[in-house]
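The structure under discussion appears below in the form of structure tokens.
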Amino acid sequence: MTFPVVGMVGGGQLARMTHEAGIPLGIRFKILSDTPQDSAARVVPDVTVGDYRDLETLRAFAAGCDVITFDHEHVPTEHLRALEADGIVVRPGPDALVHAQDKGVMRERLARIGAPCPRNRIVASPADVAAFAAEVGGFPVVLKTVRGGYDGKGVWIARSAEDAEEPFRAGVPVLAEEKVAFVRELAANVVRSPHGQAVAYPVVESVQVNGVCDTVIAPAPDLSDELSGQAQALALTIARELGVVGHLAVELFETTDGRILVNELAMRPHNSGHWTMDGAVTSQFANHLRAVLDLPLGDPRPRARWTVMANVLGGDYPDMYPAYLHCMARDPGLKIHMYGKDVKPGRKVGHVNTFGDDLADVRERAHHAAGYLRGTIDE
Ligand code: ADP
């Protein structure tokens, strides 16, 4: 039997959906999960429960796998180097992944390859922040811990030097960035395989609410062909230059003066690509698996004029199943993806996809379903 074993570190919804994508291909899939209750651990038959920060745990997990990949970027870079030294195939490899782990390393490298970024600098104190602010036109500036942030955690807007003390308390290096005046956030998603094949999905708009992704519209409405082409070319260049293998999400700002700037990178399936499960010929999860296995990549083209993804966040009702009756009866074209997670207010517990020719209608259907499942819409 040559069917490979793919090991994914992490047991969240990204691992759950990657597992789902591997089933029709007969790929054997294992995960290293923090707890048996994690989203993927509830459905993947082969689960190791353990701590990804422990090298021996990683070694034991990797021993049974043909390739190791990730549903998050938190595995210490030095552990990945140790696994590679043991002969384990790690995709994306640590030299690429470090750019998604450390925002300081990412900014420095993107500057070297000429990728447009907000002006930025590593700062060591509130006085440094004030000096940086003076250079970029004054406060407010954005401060970010270089490692460990997600969904807006680890990001601060500093309005003065006195306001800039909090980020330094964690003892992690801090990156200061100019506060970009943007009209919206975009994502350029690409997939690259070890032999250098790459595909680009349509550039999408991602709408954030309180630092959390709320809606993704594919393709980004009214994006000029020029900017869309630039964004795709930029993402492909970053993937190639950094040696990414697998899915790469390049989060972008579209600025008020019509430019695109890179916000951050994720080297794994990404929330901005969930629309591809129903809206593209090949989903990001299927293409991530193909890439880490060095199989030919699948067609990234959209299957409908418009696809809208809306995240389902937890609300006041712990059980969302009763809401299916109304959602499914109202919209037979609705696609529901739930992650099997316990509902907590504000937590991402699933998403819905809708697609069709009329953007206003496709958006309304997605928002209705997400709101109804959450319990904020009751008709
Ligand atoms: P996370 O790692 O939590 O996703 P991000 O770096 O994406 O952190 O920042 C979270 C949000 O903060 C972004 O989606 C954006 O809305 C805002 N933000 C981040 N950097 C900047 C910036 N330089 N200028 C303006 N807004 C920013």
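In this text, all values refer to a predicted model and were calculated from it rather than measured experimentally. Whatever order the structure lists ligands and atoms in, that order sets their numbers, starting from 1. All residue numbers refer to positions in the sequence shown, counting from 1.
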Worked check of ring-ring contact (aromatic ring centres under 6.0 Å, His included) between His72 and Tyr52: CA-CA 10 Å; His72 60 69; Tyr52 61 83; 4.6 Å; yes
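Considering only non-hydrogen protein atoms, atom 25 (C) of ligand 1 sits nearest to Val180 N, 3.4 Å. Nearest protein neighbour of atom 14 (O) of ligand 1, counting heavy atoms only, is Glu185 OE1, 2.9 Å. From the protein, the heavy atom lying nearest to atom 21 (C) of ligand 1 is Phe253 CZ, 3.5 Å. The protein non-hydrogen atom at the shortest distance from atom 7 (O) of ligand 1 is Asn263 ND2, 2.9 Å. Scanning the protein heavy atoms around atom 3 (O) of ligand 1, the nearest turns out to be Gly152 N, 2.5 Å.
Which parts of ligand 1 touch Lys144 is read off a 4.0 Å heavy-atom cut-off, strictly below it: atoms 6 (O), 19 (C), 20 (N). Listed by atom number, the atoms of ligand 1 under 4.0 Å from Phe182 heavy atoms are 16 (O), 25 (C), 26 (N). For ligand 1, the atoms lying closer than 4.0 Å to a non-hydrogen atom of Glu178 are 22 (C), 23 (N), 24 (N).
The part of Val155 lying near ligand 1 is the side chain, judged by heavy-atom distances below 4.0 Å. Residue Glu251 touches ligand 1 through its side chain alone, judged by heavy-atom distances below 4.0 Å.
Comparing heavy-atom distances from atom 1 (P) of ligand 1 across Arg184, Arg119, Lys179, Glu264 singles out Glu264 as nearest.
When all heavy atoms of Arg109 and Glu241 are compared, the pair lying nearest together is NH2-O, 2.8 Å.
The only option from Arg121, Arg107, Arg119 that meets the salt bridge (Lys or Arg N to Asp or Glu O under 4.0 Å) definition with Glu178 turns out to be Arg119.
Between Asp331 and Arg365 there is a salt bridge, with a side-chain nitrogen of the basic residue lying less than 4.0 Å from a carboxylate oxygen of the acidic one. Using a cut-off of 4.0 Å between Lys/Arg side-chain N and Asp/Glu carboxylate O, Arg147 and Asp102 are scored as salt-bridged. Taking 4.0 Å as the cut-off between side-chain N and carboxylate O, Glu264 and Lys144 do not count as a salt-bridged pair.
Ser160 and Asp163 are not linked by any side-chain donor-acceptor pair at a separation below 3.5 angstrom, with hydrogens and angles left out of the test.
Screening residues 198-209 for side chain to side chain donor-acceptor pair (under 3.5 Å) gives Arg184-Glu205, Tyr201-Asn287, Ser206-Gln208 as the qualifying pairs, with residues at least two apart or on separate chains. Annotation: salt bridge (charged side-chain N to carboxylate O under 4.0 Å, His left out) contacts involving residues 367-379, sequence neighbours excluded, are absent.
Atom 17 (C) of ligand 1 lies below 4.0 Å from none of the non-hydrogen atoms of the protein. For atom 27 (C) of ligand 1, the nearest protein heavy atom lies closer than 4.0 Å.
Here's the thing with Pro118: none of its N/O atoms is less than 3.5 angstrom from an N/O atom of ligand 1. In terms of polar-atom proximity, defined here as any N/O pair under 3.5 Å, Lys103 does make such a contact with ligand 1.
Listed for the Ser39 side chain is a donor-acceptor partner under 3.5 Å among the backbone atoms of Tyr339.
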